[in-house]
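All values reported here derive from a predicted model rather than from experimental measurement. No hydrogens, no waters, no symmetry mates; every other heavy atom, side chains included, goes into these values.
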Amino acid sequence: MNAPPESSGLASARRLLQARHEHRPIQDWPEALRPVSFEQAYLVQALQMEVLGPIGGWKVGAATAVAPPTCAPLPLRFRHANPTEPVGTDLDLRGMEVEIGLILGQDLPPSHAPYSLEQIWEAVSQVCVAVEIVESRFAQRDTVGRLSTLADLASHGALVYQAQGKAAQDRTLLQPQWARLQVGQQTPLQGPTQNPAGELTRLLIWLANQGSHHGGGLQKGQVIITGSCLPMLYATAGDRIQAAIQGLGELDFICA
């Protein structure tokens, strides 16, 4: 099958935006709208961000320690630092993932010469606790395929994070011994971090040198999240969300 033309990418982006704005999950996702390559999925992301932007951060991850990374831009409008008001209005799935967040203190624009890990780490000002609220524009997101899920901003709903994290002086902050997540009255999860991507530095190198280019590269003030430390828990409206990561601190907010 040949990759859909750019017009199909635009049609896919419009349908995803319609579902987002109407708060009505997509029941029928025809083959003509489904991306058939990573390039097509990233095009659909970029077209949506023309409406949802500016970009407030990025999510990057990988299915295994050797799998190629993937990423998605995160709209600034859905980013919340230490919120005092409930977060996640109009979200239905409300999947909660505790993640390591990186707050950028410098720009890393697309460059012909690849950035080294040292250059990338110098651009990180703080490391913090973050929670991604997972949401999908698809009624049955497990049935539409990996590329369609990626095109849907990798199922991003909202980002909550510590406004003040730990100074990024030591990369061992990327290797915490444990994380904790409690959602409402559910039994809390606590234990060793279980991010399937393995070493996070490889994700950062890829994101800076390749993954973020369809969104103009990395910019000062953006927040990068790096994959879930623990299994996802689902919240209901009014639940208190408490997350912690060893060495980074705690995050506490209410789910709308």
Side-chain angles (χ1 to χ4, degrees), residues 57-72 74 79-83 87-88 91 93-103 121 124 126-136 141-142 146 149 154-207 223-255:
W58 292 84
K59 62 182 294 185
V60 61
T64 70
V66 296
T70 58
C71 69
L74 309 181
R79 196 183 85 180
H80 310 272
N82 285 7
V87 174
L91 299 184
L93 188 60
R94 299 189 181 97
M96 302 290 161
E97 294 184 339
V98 56
E99 309 196 17
I100 295 172
L102 307 174
I103 302 173
W121 189 249
V124 178
Q126 298 175 51
V127 186
C128 66
V129 180
V131 169
E132 182 184 22
I133 305 180
V134 175
E135 185 69 12
S136 179
R141 73 181 184 120
D142 294 334
R146 179 186 181 192
T149 300
S155 299
H156 180 67
L159 169 61
V160 184
Y161 68 103
Q162 293 171 303
Q164 186 68 40
K166 297 289 185 181
Q169 298 175 342
D170 189 340
R171 290 202 294 270
T172 60
L173 290 171
L174 301 180
Q175 301 170 323
Q177 297 302 304
W178 56 265
R180 183 174 72 248
L181 176 64
Q182 183 161 8
V183 173
Q185 299 302 310
Q186 298 178 45
T187 301
L189 294 178
Q190 180 167 333
T193 57
Q194 303 171 31
N195 191 324
E199 178 57 56
L200 299 186
T201 53
R202 78 179 183 99
L203 302 182
L204 299 178
I205 292 170
W206 176 83
L207 183 66
V223 181
I224 300 171
I225 53 176
T226 53
S228 188
C229 297
L230 296 170
M232 181 166 57
L233 293 178
Y234 293 94
T236 57
D239 278 349
R240 181 182 181 186
I241 313 301
Q242 298 168 277
I245 298 176
Q246 182 261 328
L248 298 181
E250 301 180 349
L251 182 63
D252 191 330
F253 66 96
I254 301 298
C255 180

Hey, are the side chains of [X] and [Y] touching, using non-hydrogen atoms and a 4.5 Å cut-off?
X	Y	answer
Ile254	Ile241	no
Trp58	Leu207	yes
Tyr161	Ile103	yes
Arg141	Val134	yes

Where [X] and [Y] come nearest, the two heavy atoms and their spacing:
X	Y	answer
Gln126	Gly165	OE1-N, 2.6 Å
Ala167	Leu173	O-CD1, 3.5 Å
Ala235	Met96	CB-CE, 3.8 Å
Thr149	Ser155	CG2-OG, 3.3 Å
Met232	Gly95	SD-CA, 3.5 Å
Val98	Ala244	CG2-O, 4.3 Å

Per-pair distances, 0.1 Å, donor-acceptor, side chain in residues 185-204, under 3.5 Å, sequence neighbours excluded:
| from | atom 1 | to | atom 2 | distance (Å) |
| --- | --- | --- | --- | --- |
| Gln186 | NE2 | Tyr234 | O | 2.6 |
| Asn195 | OD1 | Ala197 | N | 2.9 |
| Asn195 | ND2 | Thr226 | O | 2.9 |
| Asn195 | ND2 | Gly227 | O | 3.4 |
| Glu199 | OE2 | Thr201 | N | 3.3 |
| Glu199 | OE2 | Thr201 | OG1 | 2.9 |
| Arg202 | NE | Ala65 | O | 3.2 |
| Arg202 | NH1 | Ala67 | O | 3.0 |
| Arg202 | NH2 | Thr64 | O | 2.8 |
| Arg202 | NH2 | Ala65 | O | 3.3 |
| Arg202 | NH2 | Ala67 | O | 3.0 |

Which distance, rounded to the nearest 0.5 Å, do you find between the [atom1] of [X] and the [atom2] of [Y]?
X	Y	atom1	atom2	value
Ser228	Lys59	OG	NZ	9.5 Å
Thr236	Arg94	OG1	CZ	7.0 Å
Leu181	Cys229	CG	SG	10.0 Å
Glu97	Leu230	CD	CG	10.0 Å

### Query
Do Ile225 and Leu74 pass the side chain to side chain contact (heavy atoms under 4.5 Å, CB included) test, and can you show the C-alpha distance, the side-chain angles, and the key distance before you say yes or no?
CA-CA 10 Å; Ile225 53 176; Leu74 309 181; 3.9 Å; yes
### Query
Can you list the residues that meet the side-chain hydrogen bond (donor to acceptor under 3.5 Å, both in side chains) rule with Trp206, with sequence neighbours excluded?
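side-chain hydrogen bond (donor to acceptor under 3.5 Å, both in side chains) check on Trp206 returns Gln210.
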#### Entry: For His156, all residues meeting side-chain hydrogen bond (donor to acceptor under 3.5 Å, both in side chains), sequence neighbours excluded
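Applying side-chain hydrogen bond (donor to acceptor under 3.5 Å, both in side chains) to His156 gives Glu132.
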### Results of side chain to side chain contact (heavy atoms under 4.5 Å, CB included) for Gln162 - residues two or more places apart only
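For Gln162, the residues satisfying side chain to side chain contact (heavy atoms under 4.5 Å, CB included) (neighbours in sequence not counted) are Asn82, Cys128, Val129, Leu251.
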### Pair listing, salt bridge (Lys or Arg N to Asp or Glu O under 4.0 Å) test, anchored in residues 223-244, at least two apart
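Residue pairs with at least one partner in residues 223-244: Arg240-Asp252.
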### Task
Quick one: which residue pairs count as a salt bridge (Lys or Arg N to Asp or Glu O under 4.0 Å) with a foot in residues 163-186, not counting sequence neighbours?
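Sorted result for residues 163-186: Arg180-Glu250.
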### Query
Given Leu102 and Leu174, is the side chain to side chain contact (heavy atoms under 4.5 Å, CB included) satisfied, shown in steps?
CA-CA 9 Å; Leu102 307 174; Leu174 301 180; 3.7 Å; yes
### Query
Would Phe253 and Ile133 count as a side chain to side chain contact (heavy atoms under 4.5 Å, CB included) if you check the C-alpha gap in whole Å, the side-chain angles of each, and the deciding distance to 0.1 Å?
CA-CA 12 Å; Phe253 66 96; Ile133 305 180; 4.3 Å; yes
### Main-chain N/O of Gln177 paired to Gln246 side chain as donor or acceptor, under 3.5 Å
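Checked: pair present.
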### Residues which pass salt bridge (charged side-chain N to carboxylate O under 4.0 Å, His left out) with Glu99, listed by chain and number, not counting sequence neighbours
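Not a single residue meets the salt bridge (charged side-chain N to carboxylate O under 4.0 Å, His left out) criterion with Glu99.
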